[in-house]
Amino acid sequence: MRSRDGANEMTRGPTLSRRLVLGGALLVPRLVRAAEPVRLGLLRTLSPAPFYLAQERGYFRDEGLEVAFRFFEAAQPIAAAAVSGDIDIGVTALTGGFFNLAEKGVLKVIGGGLHEERGYEGSAILVSNKAFDAGLTSLDKLPGHSFAITQYGSSFHYMLGRIAQAKDFALSRVTLRPVQQISNMLAAVSSGQVDATIAIASQAKPAAAAGQAHIIAWAGDVVPYQITALFAATRFIAENAEQLHRFAQAYKRGVADYRAAFLRRDPQGRPVVDALTLAAVTDISHYVFTGDPQAKEKILAGVGYYDEGGALDVADVIDQLRWFRAQGLVKGDSDPASMIDTRFLPTR
Amino acid sequence: MTQPPSMSAAGSGLRLTLRGIGHAYRALTVLQDIDLTVAPGEVLALVGPSGCGKSTLLGIMGGLIAPAAGTVEASGSVADDCLNPVTYVFQDFALLPWRSVRDNVALPLEPHLSRAARAARVDEVLALTSLTAFADAWPRELSGGMRQRVGIARALAVRPACLLMDEPLSALDAQTRTLLLEEFAGLIARAGITTVYVTHTLSEAVRIGHQVAVLSRRPGRVRALLRIDRPIEGRRAADPDLLAMEERIWAMIRDDAATAERERIDAPD
Amino acid sequence: MRRIDGPVAFRGGGFAPRARGWAAAATLIGLVLLWQALEMAGLVPTLFLPAPLAIGRTLWALTLSGELWKHLSASLLRLAIGWTVGTVFGIAVGLAVGLWSALRSPVMAVVAALFPIPKIALVPLFIIWFGIGEGSKIATLGFGVFFPTVIATAGGVDAVPRGLIRMGQSFGLSTWKIVRSIVLPGALPAILTGFRVTTSIAIVLLVAAEMIGAERGIGAFVLAAGNLYDMDALLAGIVVLSALGLIVAWVIGVAERVLLRWR
């Protein structure tokens, strides 16, 4: 299904030699890639919901593409998998790990994804009961407290950093607790081992409702930003630009459906839930909360903001890169423009 | 060799009385109806074919093995400075390889004596056994003969009233054995310590024993008890009377030894 | 019949490998030089494996900024406490197992059941039991060290010649005196061999222990560098862990030479 063009022939040489170098480690020297599906790396969460819709509704097929989803446990390995050639495209948060690899010219951001947006309950700042009772009731009181993140350089680390900037305190005054997994972050706060963390709405709201923790703020209200983005391996972009264009078209249709299903508001500013919404919930529940009787409620509680057309917020990507560099988490001085390719999707 | 004043109290040793001793390892009877008496200051040599239970009997006398039947009694007066009335000397020396000669000898004194008192006593027995020059050597640096000297020194250091020697020379070569036997015989005789001396070697038995108890093959019983009325220190290896005695014992145990050699079942000896 | 005439040919020798310190050092240095040469020749892309010089520069920068010591000191403290706790309990239990039949089978059954569990899998449990701070990290190290120490100590006690213990009994020594003066020193070679294993295990477990909730520590540093795909820092951390292992092995070697000089 994949067509080859002239550029492909020209780039085969270096690609082959790199594969040979890596071959020992990967043991999958895929030298022939005819009729292979496009492999998309993503997390099994609500955040890539437009891709679920595009897949379920055959938008990729309409473009003559077969797209295979490859699910990962954490964001940073998705970037590494794109470099090693195990996936072609990734959609996830732009982490420190992503930028370190992008600095070497092997990854490029090609489109926008989920946003933390004012008025949309995306990620909550969740505080343990113990810390809340002891007075941690607003973001400016975070200094001196412990804060669980997955890993250094993760989107949670970044969000906390932006909160620190917004609330004018030094990030170093918060004790970071990297706990590797999102489930650990939630458990650490529910059990009172750590004072605060960030949790997505679909997890934060039930925890707060059950009295296990307190929501003191929504990230989107304090630090609106583009939390996830679409990226591809530079090699794949060079070899398969045309294919990528078609992929982008299908993605845009998915985003349009998503916005229609979840982002419409009635005159009172409340989300509109109608047949469109329920159809989207059904499609999405094939991927997340599958078989969960509360799937509808959880999906409705967890959907976040997507820009029209999957637009990429270029300035925000550059802001993120600057922050990671300033923290010493990303090393390099490549031109940020070299890490972004705006040929495929609109920009904001 | 110098004679330590505190070890000259001949006659103050213990009397050892064995009554009806019997022992078995599971279904295997190794000792039966053993009655023996060792008078204070006397040396009893215990001989018998392989596997007859000699070492087991010695273990019972030393309280290291609980007999299935019978009693062992030790009676008599012991010196005030005696720290372990009934003391063992082992065939394989049982030295702690991580302790120097001096510290090996000091081991049994440690719970009882101050550092200074220990050092004095250790020096004394090392001199007695000609080990002074080797006080700081590791056991591995010593020949077998020297190691058994350390074993003897350690035993003497506690001022025992009774010595139980389990084939103390059998791990050594013939020449060393002859030399050490004379030396040990002299030491024991001068100190007047009641001694039971288990051996395979009949010449050793007649050289050192006031009595020689001959055990039969398993189940071991006292087959004969011979007295040798001759001072131990004056005995010569070439003494015709002793050679004759050796012949007599050999005649007694020869058949047993031959049978035992063919039938031997591996049992703890 | 055949005739034999001539000198007897030598046919002994061999089968006696000897350690050559210089060869060990030369091999390591040679490998590093080869690696650097391959990188400089452009045969290995630095994206996938940074050159030794780059790692060295990163290490030097970390040393100058005090970062290295910040991480190393936190890890060393955890290693020291975790290893000591695991070792003390391990030796105590190992001795008990080696000495008393009432404890032997029950404890060894528990040890056999728990020893193969990857301690990394227990980290979440330790966090609930001991908290997300130092407690769970020390527990991870301590547990990792405890089981092999029990096995090494019990084996060492078993290997103490029974004749030596009987000798102690024949002199009327107390049980405690026999344990202290005969059993423990007799088991010491096996215990020290166990130390070689347990110190390595502790260093391996450091990364697992510092996975959850550690702001500082070489393990946390290596994990963070890995997450960030900061290959220079990752390999710098690995070099530090490796050097730590070599130093600890050397210290144990010295301890063996001093404590076991009687051998």
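Letters A, B, ... are given to chains in the order of the sequence lines, protein chains preceding strands, and every chain is numbered from 1.
Taking CE from Met231(C) and CG from Leu101(A), the interatomic distance works out to 6.5 Å, rounded to the nearest 0.5 Å. Distance check: Phe99(A) CZ to Leu228(C) CG gives 12.0 Å after rounding to the nearest 0.5 Å. One distance of note links CZ of Phe147(A) with CD of Glu215(C); it measures 13.0 Å at 0.5 Å rounding. Note that the CE atom of Met185(A) and the CD1 atom of Ile212(C) stand 11.5 Å from one another [nearest 0.5 Å]. Atom CD of Gln180(A) is separated from atom CG of Asn227(C) by 6.0 Å, given to the nearest 0.5 angstrom.
For Lys331(A) against Ala233(C), the heavy-atom pair with the smallest separation is NZ-CB, 4.1 Å. A pairwise comparison of heavy atoms in Pro77(A) and Tyr229(C) identifies CA-OH, 3.3 Å as the closest pair. Contact detail for Ile132(C) and Arg177(A): the closest heavy-atom pair is CG2-NE, 4.0 Å.
Heavy atoms closer than 4.5 Å to chain C are found nowhere in Ser146(A), neither backbone nor side chain. With a 4.5 Å cut-off on non-hydrogen atoms, Ala188(A) touches chain C through its side chain but not through its backbone.
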* To do: For the pair Asp230(C) and Leu329(A), evaluate side-chain contact (heavy atoms from CB on, under 4.5 Å) and give the outcome as yes or no after the intermediate values.
  => CA-CA 8 Å; Asp230(C) 185 347; Leu329(A) 295 166; over 6 Å; no
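When side chains are defined from C-beta on, Gln151(A) does not count as touching Leu223(C), because their heavy atoms never get closer than 4.5 Å.
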